Amino acid sequence: MRIGVIGAGAWGTALAQVAAKDDMPVTLWAREPEVVAAINEKQENTAFLPEVKLSPGIRATGRLGELAGMDALLVVVPAQHVRAVLAETPVGTTPMVLCAKGIEARTHLLVGEVAAEVHPHAPLAVLSGPTFAKEVASGLPTAVTLACEDAALRSALAERLASKTFRPYGASDVIGAEIGGAVKNVLAIACGVVDGAGLGQNARAALIARGFAEMTRFGMARGAQPETLSGLSGLGDLVLTCSSTQSRNFSLGVGLGQGRPAGALLSDRRTVAEGAFTAPVLRESAEVQGIDMPVTKAVCDLLEGADVLRVIDDLLARPLKKERV
Ligand SMILES: NC(=O)C1=CN([C@@H]2O[C@H](COP(=O)(O)OP(=O)(O)OC[C@H]3O[C@@H](n4cnc5c(N)ncnc54)[C@H](O)[C@@H]3O)[C@@H](O)[C@H]2O)C=CC1
Ligand SMILES: O=C(CO)COP(=O)(O)O
């Protein structure tokens with residue numbers, strides 16, 4: 001199975017490394033000419049995944065046209081750019097594996113729904129889970145959810161990507177796998193805020209549990225299965241991203257919790273913190289459907305410049321309620 005990877009940020013590069021096991025050939029599309037040059041000349045993505053020696057099987061290109069004729073395409077550009085990049089990519093009926101985590105602004109569509117609009121004849125799968133790119137690319141043990149309605153395609157993709165240290169678990173719930181990854185990024189910002197504001201470990205654990213209830217409410221309303229949400233792509237990734245400054249979303253939250261302005265924190269970075277883009281869409285989408293998402297709303301308020309202590313006070317001052325999803 002010839003694999004093409006669309007997007008050479010940290011995660012696209014790490015997934016190219018996974019697919020290039022035993023030096024199998026992989027074509028990796030990068031938007032930046034300097035990334036193409038660094039990968040092909042130094043076997044390193046110095047801009048987005050420095051200090052990882054890449055497999056000689058990986059060849060980078062700046063031309064999306066070179067992805068024509070692949071057997072599967074991994075789509076790893078940030079969620080807000082998926083539509084534009086896929087519109088330029090020769091896909092046809094080639095299966096696409098969606099690996100970005102987010103919801104498109106304005107349309108409220110998940111990445112898979114965007115991909116289906118742009119290329120309606122391509123079968124779809126979603127790969128998601130607790131996966132810091134650097135650890136994956138360095139060969140540390142990792143497990144992911146690989147969701148696809150077509151069982152034969154799911155097995156073929158799992159076999160092609162699996163290795164001693166990369167273990168895909170199959171699922172058929174594509175929507176559930178996507179929702180976990182998109183929502184956890186917003187909750188990771190909230191957990192970073194708790195850390196940055198010095199609110200303690202109890203508060204962080206409470207936020208993970210109540211955030212998971214929020215993810216579950218939203219996911220169930222969109223047709224996700226509860227067991228997917230409590231699996232690797234939901235709870236698994238939530239726990240990872242809410243616990244470590246390796247997470248860009250968590251780190252953004254730490255800055256917000258320290259009272260630094262969102263605009264400055266976001267303009268300082270070349271890497272993507274998807275939760276900042278997902279939060280307002282998630283709030284809108286939840287409001288339309290009448291779903292209560294107080295943590296998401298608090299993250300939006302902070303991104304829009306609200307005072308951190310006031311936002312925390314407001315969250316804690318809500319009426320007492322039953323513990324249920
Ligand atoms: N880094 C990680 O550990 C993981 C990231 N992801 C997800 O993978 C997706 C990609 O993230 P990363 O690879 O981490 O990116 P990154 O933060 O390492 O790099 C930014 C990427 O955005 C691309 N980009 C910037 N402007 C663009 C535009 N106008 N059009 C198309 N592409 C543009 C850059 O070319 C670069 O590839 C995100 O949805 C992220 O949530 C998922 C799992 C792990
Ligand atoms: O999705 C990720 C880990 O699974 C990466 O998280 P960040 O985007 O917050 O760094």
Side-chain angles (χ1 to χ4, degrees), residues 5-18 28-36 38-39 45-50 52 60-62 64 74-89 97-104 110-112 114-115 126-138 140 142-146 166 177-178 180-192 195 231-255 266 268-279 299:
V5 180
I6 310 175
W11 188 220
T13 307
L15 283 171
Q17 180 87 326
V18 166
L28 171 60
W29 174 78
R31 182 168 170 265
E32 302 79 6
E34 69 275 18
V35 172
V36 175
I39 293 173
N45 184 341
T46 38
F48 294 112
L49 194 66
V52 176
T61 176
L64 284 164
L74 309 190
V75 181
V76 209
V77 289
Q80 305 306 324
H81 302 303
V82 164
R83 185 180 293 277
V85 173
L86 284 184
E88 303 291 317
T89 309
V97 184
L98 291 326
C99 310
K101 297 172 178 172
I103 306 177
E104 192 180 51
L110 294 163
V111 173
V114 172
V126 167
L127 186 152
S128 191
T131 55
F132 284 139
K134 189 138 196 178
E135 295 188 12
V136 172
S138 309
L140 294 174
T142 300
V144 296
T145 301
L146 181 61
F166 192 80
E178 278 219 69
V183 176
K184 69 86 194 175
N185 281 334
V186 178
L187 302 171
I189 296 177
C191 283
D195 195 76
L232 292 159
S233 55
L235 186 58
D237 205 1
L238 180 66
V239 169
L240 177 79
T241 325
C242 287
S243 325
S244 166
T245 47
Q246 263 197 77
S247 156
R248 288 88 47 95
N249 289 290
F250 184 92
S251 307
L252 169 64
V254 172
L266 288 168
D268 264 5
R269 53 173 73 224
R270 190 179 186 190
T271 57
V272 65
E274 288 279 28
F277 302 98
T278 304
V299 170

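We count ligands from 1, going down the list as the structure has it; atoms in each ligand are counted the same way. The structure presented is a predicted model; accordingly, all values stated were derived computationally and were not measured.
Taking every heavy atom of both residues into account, Cys242 and Ala188 meet most closely at SG-CA, 3.7 Å. Between Val36 and Ala30, the shortest heavy-atom distance links the atoms CG2-CB, 3.8 Å. Between Val299 and Ala279, the shortest heavy-atom distance links the atoms CG1-CB, 4.1 Å. In terms of heavy-atom proximity, Ala47 sits nearest to Arg270 at CB-NH1, 3.5 Å. Contact record, Gly181 with Lys101: O-CB, 3.6 Å, taken as the closest heavy-atom pair.
For ligand 1, the atoms lying closer than 4.0 Å to a non-hydrogen atom of Arg248 are 1 (N), 2 (C), 5 (C), 14 (O), 16 (P), 17 (O), 18 (O). Of all atoms in ligand 1, listed by their number and element, those nearer than 4.0 Å to a heavy atom of Phe132 are 3 (O). Applying the 4.0 Å criterion to heavy atoms of Thr131 picks out, from ligand 1, the atoms 3 (O), 43 (C), 44 (C). The distance from ligand 1 to the heavy atoms of Thr271 drops below 4.0 Å at these ligand atoms: 17 (O). Per-residue contacts place Val85 under 4.0 angstrom from the following atoms of ligand 1 (heavy atoms of the residue considered): 31 (C). Below 4.0 Å from some heavy atom of Ala133 lie the following atoms of ligand 1, by number and element: 1 (N), 2 (C), 3 (O).
With hydrogens and angles disregarded, no donor-acceptor distance shorter than 3.5 Å links the side chain of Ser233 to the backbone of Gly231. Remark: side-chain polar atoms of Trp29 are paired, donor with acceptor, to backbone N or O of Gly62 under 3.5 angstrom. Panel note: side chain Thr271, backbone Arg269; no donor-acceptor pair is recorded below 3.5 Å. Side-chain atoms of Glu88 do not come within 3.5 Å of backbone N or O of Leu64 as any donor-acceptor pair. Of the possible donor and acceptor atoms, one in the side chain of Ser247 sits under 3.5 Å from a partner among the backbone N and O of Asn249. Between the Thr89 side chain and the Val85 main chain, a donor and an acceptor come within less than 3.5 Å of each other.
Atom 42 (C) of ligand 1 has as its closest protein heavy atom Trp11 CD1, 3.1 Å. Residue, atom and distance of the protein heavy atom nearest to atom 37 (O) of ligand 1 are Gly9 N, 3.0 Å. In terms of protein heavy atoms, atom 10 (C) of ligand 1 is closest to Val76 O, 3.5 Å. Nearest protein neighbour of atom 17 (O) of ligand 1, counting heavy atoms only, is Val272 N, 2.8 Å. With hydrogens left out, the protein atom closest to atom 20 (C) of ligand 1 is Phe48 CE2, 3.8 Å, a heavy atom. Considering only non-hydrogen protein atoms, atom 28 (C) of ligand 1 sits nearest to Arg31 NE, 3.2 Å. Given atom 41 (O) of ligand 1, the protein heavy atom at minimum distance is Glu274 CG, 3.2 Å.
Annotation: side chain to side chain donor-acceptor pair (under 3.5 Å) contacts of Glu32 (sequence neighbours excluded): none. Applying the side-chain contact (heavy atoms from CB on, under 4.5 Å) rule to Phe277 yields the partners Gln80, Val272, Glu274; only residues at least two apart in sequence or on another chain are considered.
Contacts between Glu32 and ligand 1 below 4.0 angstrom, taking non-hydrogen atoms only, involve the side chain exclusively. Here Lys101 has heavy atoms under 4.0 Å from ligand 1 in both its backbone and its side chain. With a heavy-atom cut-off of 4.0 Å, Ala8 touches ligand 1 through its backbone alone. When heavy-atom distances to ligand 1 are checked against a 4.0 Å cut-off, Val35 has no atom that comes that close, whether in backbone or side chain.
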Handout entry: Verdict with supporting geometry, Leu86 and Ile6, side chain to side chain contact (heavy atoms under 4.5 Å, CB included)
Key = CA-CA 9 Å; Leu86 284 184; Ile6 310 175; 4.0 Å; yes
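For residues 8-18, the side-chain hydrogen bond (donor to acceptor under 3.5 Å, both in side chains) pairs, not counting sequence neighbours, are Thr13-Asn45.
Taking only nitrogen or oxygen atoms, main chain and side chain alike, Ala10 reaches within less than 3.5 Å of ligand 1.
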Would you tabulate the polar-atom pairs, meaning N/O of ligand 2 against N/O of the protein, with distances under 3.5 Å, reported to 0.1 Å?
| from | atom 1 | to | atom 2 | distance (Å) |
| --- | --- | --- | --- | --- |
| ligand 2 | 1 (O) | Lys101 | NZ | 2.8 |
| ligand 2 | 1 (O) | Lys184 | NZ | 2.8 |
| ligand 2 | 4 (O) | Lys101 | NZ | 3.0 |
| ligand 2 | 4 (O) | Gly129 | O | 3.1 |
| ligand 2 | 4 (O) | Thr131 | N | 3.0 |
| ligand 2 | 4 (O) | Asp237 | OD1 | 2.7 |
| ligand 2 | 4 (O) | Asp237 | OD2 | 3.4 |
| ligand 2 | 8 (O) | Arg248 | NE | 3.2 |
| ligand 2 | 8 (O) | Arg248 | NH2 | 3.0 |
| ligand 2 | 8 (O) | Asn249 | ND2 | 3.3 |
| ligand 2 | 9 (O) | Ser247 | OG | 2.6 |
| ligand 2 | 9 (O) | Arg248 | N | 3.2 |
| ligand 2 | 9 (O) | Asn249 | N | 3.0 |
| ligand 2 | 9 (O) | Asn249 | ND2 | 2.7 |
| ligand 2 | 10 (O) | Arg248 | N | 2.8 |
| ligand 2 | 10 (O) | Arg248 | NE | 2.6 |

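One option in Gly275, Gly102, Gly181, Pro78 has a heavy atom closer to atom 22 (O) of ligand 1 than any other, and that option is Pro78.
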